[in-house]
Amino acid sequence: MAQINEHFLQLPGAYLFSTIAAKVRDYRSRHPEAEVISLGIGDVTQPLVPAVVEALHAAADEMAGSATFRGYGPEQGYAFLREAIVQHDFEARGIPMSADEICINDGAKSDTGNFQELFGADARIAVTDPVYPVYVDSNAMGGRTGELLADGHWSKVVYLTGDAAGGFQPRLPEEPVDLIYLCYPNNPTGTVLTRAALQTWVDYARSHDAVILYDAAYEAYIQDAGIPRSIYEIPGAREVAAEFHSFSKTAGFTGLRCGYTVVPKELTAQTRDGRRVALHPLWVRRQSTKFNGASYLSQRAAAAVYTPEGRRQVEGNIAYYMRNAQKISDTLRQMGLEFFGGRNAPYLWVRTPQGMGSWQFFEAMLEATAVVCTPGVGFGPAGEGYVRLTAFGTHEQTDEALRRMVGWMTKK
Ligand code: PLP
């Protein structure tokens, strides 16, 4: 008899974005004339930059010739990409890194979801609340999270609950934890950690023998020079942290797919009988068994992001989105709404007015303005009373959405 992994049965039903899509479909069927604008999407809208497109064409031509055709690639990714990453994302910022500590992937979702496989079934995980749901759901699939409680929390997960008074900064856990997921700049709150705050986490992990899984998918959006773009800027992090990067939001690769995970050679965890084991060989072993690499085309395209033209063009796209973030921030301020983020991140985390619930606000704004946001409670119980807006729209869509929101809020 084939028995299923019953941990899957405990997962909450619909994925947040499917529920939103269903509600928007229902609205459209009732208002076929309405021009719906989404300030809720986490996907980018600007096309790939010319340097990336040229690299894709050139790689496609190579694949067409018998002398230049590429089949399966090296298991950790092509050296040309890993070396470019080391040079530009680490050495240029004064962070020593070796190319074989970089593992190329097809985006950060897979690796942030899969990395938990390296740890024991009873490893205790800590996540922020609100949180990017992949960290919790993948651990739930691995049987590490206990029971899903009525309030939306899991019984065995330690929540580092954020609130407005604490600026949605995570507090150190008060009980022992083994794995700590941190994501900065943060999705969904748009908040960042200062160097001093991140040092506190590295120190905590070192003194409590915990591993930090640091999701840096949005590091390219950091504008303030003092905010760390990698956890390895922090002394002592190499022994306690793995780090996840993505070209999705940096360079518009959401449809092309490429990212990378950093597993330093010094990063270790313990066996039941107390031996220290390095995670790097385990991760390479896991990947070479279950993953056959990002395509040659994606890796050539990603390498083009690091050329002088590629960098200039990609920075142009990020500046484009950050202009939206600035406009949204200005308008929220003008409307007197409290919010976080939008300065070093493409996300704005907005407190709903008059104590409205997240879904209540989502529905009221959709009905009144045909503008879509993301209900904060979809990212965890502490997100209730908040919605997330994103800066990933076009300028025209963003301007129009803000115009409608101002009209609605001033009427309310
Ligand atoms: N990590 C965070 C925090 C995200 O918000 C996302 C995507 O929205 C990802 C990782 C995954 O991105 P990708 O798989 O496209 O690299």
Side-chain angles (χ1 to χ4, degrees), residues 15-18 20-21 38-46 48 52 77 81 85 89 102-116 125 127-139 160 162 168 170 180-193 212-222 229-231 241-262 287 291 293-295 298-299 301-302 305 314 317-318 321 325 340-342 344-349 374 376 378-380 383 388-393:
Y15 187 58
L16 171 65
F17 291 97
S18 326
I20 293 173
S38 181
L39 288 190
I41 46 162
D43 201 353
V44 292
T45 51
Q46 294 302 297
L48 295 170
V52 166
L81 178 55
I85 288 168
D89 288 351
I102 308 291
C103 304
I104 306 298
N105 60 33
D106 62 353
K109 190 183 225 177
S110 323
D111 284 11
T112 52
N114 291 330
F115 209 80
Q116 44 82 26
I125 73 155
V127 295
T128 59
D129 176 11
V131 68
Y132 175 58
V134 170
Y135 317 142
V136 179
D137 289 1
S138 56
N139 276 286
L160 314 167
F168 282 95
I180 303 166
Y181 287 86
L182 294 177
C183 168
Y184 292 95
N186 187 259
N187 176 17
T189 64
T191 54
V192 287
L193 290 186
I212 298 176
L213 303 174
Y214 196 73
D215 187 343
Y218 297 96
E219 57 89 4
Y221 288 84
I222 293 175
R229 292 176 67 154
S230 163
I231 196 166
E243 182 168 275
F244 305 93
H245 287 252
S246 171
F247 294 98
S248 286
K249 309 298 162 65
T250 308
F253 276 45
T254 51
L256 188 55
R257 313 303 304 149
C258 198
Y260 66 90
T261 293
V262 185
Q287 289 296 79
F291 179 61
S295 74
S298 296
Q299 295 191 57
V305 171
V314 160
N317 274 4
I318 289 168
Y321 295 129
F340 298 84
N344 291 295
Y347 295 123
L348 297 100
W349 183 244
T374 311
F379 298 97
R388 189 193 72 175
L389 301 180
T390 82
F392 287 129

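Order of appearance sets the numbers: ligands from 1, and atoms from 1 within every ligand. Computed from a predicted model, the values in this text were never measured in an experiment.
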Task: Positive for side-chain hydrogen bond (donor to acceptor under 3.5 Å, both in side chains) with Thr261, one of Thr112, Asn114, Asp111 - done: Asp111
Open item on the list: Check the orientation of Tyr181 and Tyr135. Use parallel for under 30°, tilted for 30 to 60°, and perpendicular for over 60°.
Closed with: parallel
Write out each pair where an N or O from ligand 1 and one from the protein are under 3.5 Å apart, with the distance.
residue: ligand 1; atom: 1 (N); partner: Asp215; partner atom: OD2; Å: 2.6
residue: ligand 1; atom: 5 (O); partner: Asn187; partner atom: ND2; Å: 2.8
residue: ligand 1; atom: 5 (O); partner: Tyr218; partner atom: OH; Å: 2.6
residue: ligand 1; atom: 8 (O); partner: Tyr218; partner atom: OH; Å: 3.3
residue: ligand 1; atom: 8 (O); partner: Lys249; partner atom: NZ; Å: 2.9
residue: ligand 1; atom: 14 (O); partner: Ala108; partner atom: N; Å: 3.3
residue: ligand 1; atom: 14 (O); partner: Lys109; partner atom: N; Å: 2.9
residue: ligand 1; atom: 14 (O); partner: Arg257; partner atom: NH2; Å: 2.7
residue: ligand 1; atom: 15 (O); partner: Ser248; partner atom: OG; Å: 2.6
residue: ligand 1; atom: 15 (O); partner: Arg257; partner atom: NH1; Å: 2.9
residue: ligand 1; atom: 15 (O); partner: Arg257; partner atom: NH2; Å: 3.4
residue: ligand 1; atom: 16 (O); partner: Ala108; partner atom: N; Å: 2.7
residue: ligand 1; atom: 16 (O); partner: Ser246; partner atom: OG; Å: 2.6
residue: ligand 1; atom: 16 (O); partner: Ser248; partner atom: OG; Å: 3.3

Task: Partners passing salt bridge (charged side-chain N to carboxylate O under 4.0 Å, His left out) against Arg229 (at least two apart in sequence or in another chain) - done: Glu219
Open item on the list: Could you report the tightest heavy-atom contact between Glu243 and Ile231, atom names first, then the distance?
Closed with: OE1-N, 2.6 Å
Task: Aromatic ring pairing Phe115/Phe244, orientation class (parallel under 30°, perpendicular over 60°, tilted between) - done: perpendicular
Open item on the list: Please give me the minimum heavy-atom distance between Gly77 and Gln299, naming the atom from each residue.
Closed with: CA-OE1, 3.5 Å
